[in-house]
Amino acid sequence: TLLLSSTRDFLLSPTAIFARRLTEKGVDARLVVFDGLPHAFWGYMGIPETDEANELIARFLKDKLAAAGK
């Protein structure tokens with residue numbers, strides 16, 4: 001599970017808690033926290049961090065699909 005958040009995201013704390021719970025249950029949970037951006041910034045802001053977030057998402061999905069195809 002890939003979880004993206006930011007230091008200004010009002011859901012940062014619950015997202016971090018969720019990531020820890022997933023990890024405790026043996027789920028591969030990856031929390032990536034960007035600095036100073038609002039909730040779901042990658043969906044509506046044309047900034048370099050949006051490109052970075054989308055690249056992370058694409059790479060994560062590509063890796064998971066490749067692993068599932070083995």
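Sequential numbering from 1 along the given sequence is applied to the chain's residues.
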key: Check: G46 main-chain N/O paired with T50 side-chain donor or acceptor under 3.5 Å   = no
message = Quick check against the 3.5 Å criterion: does S6 have a side-chain atom that pairs as donor or acceptor with the backbone of F34?
response = yes
Those residues at least two apart in sequence (or on a different chain) that pass side chain to side chain contact (heavy atoms under 4.5 Å, CB included) with V33 are T7, L12, L31
Side chain to side chain contact (heavy atoms under 4.5 Å, CB included) filter on L61, not counting sequence neighbours, yields I57
Between I47 and Y44, is there a shared hydrophobic cluster once you connect ILVMFWY residues whose side-chain heavy atoms come closer than 4.5 Å? yes
Next item on the list: Answer with yes or no whether the hydrophobic clustering places V27 together with L3; edges join I, L, V, M, F, W, Y residues whose side-chain heavy atoms lie under 4.5 Å apart.
Entry: yes
What is the minimum heavy-atom distance between [X] and [Y], and which atoms define it?
X   : Y   : value
F10 : H39 : CE2-CB, 3.5 Å
A19 : A29 : O-CB, 3.8 Å
L37 : R8  : O-CB, 3.3 Å

Review point. Take atom CG in D35; do more than 12 heavy atoms of anything else shown fall under 6.0 Å from it?
Key: no
For F18, does the CZ atom have more than 12 heavy-atom neighbours from other residues, nucleotides or ligands under 6.0 Å away? no
- Query: Given side chains that start at C-beta, do those of L2 and K64 come closer than 4.5 Å, heavy atoms only?
  - Reply: no
Enter the distance from [X]:[atom1] to [Y]:[atom2] here, rounded to the nearest 0.5 Å.
X   : Y   : atom1 : atom2 : result
R30 : L4  : CZ    : CG    : 12.0 Å
S5  : F41 : OG    : CZ    : 8.5 Å
R21 : K25 : CZ    : NZ    : 9.0 Å

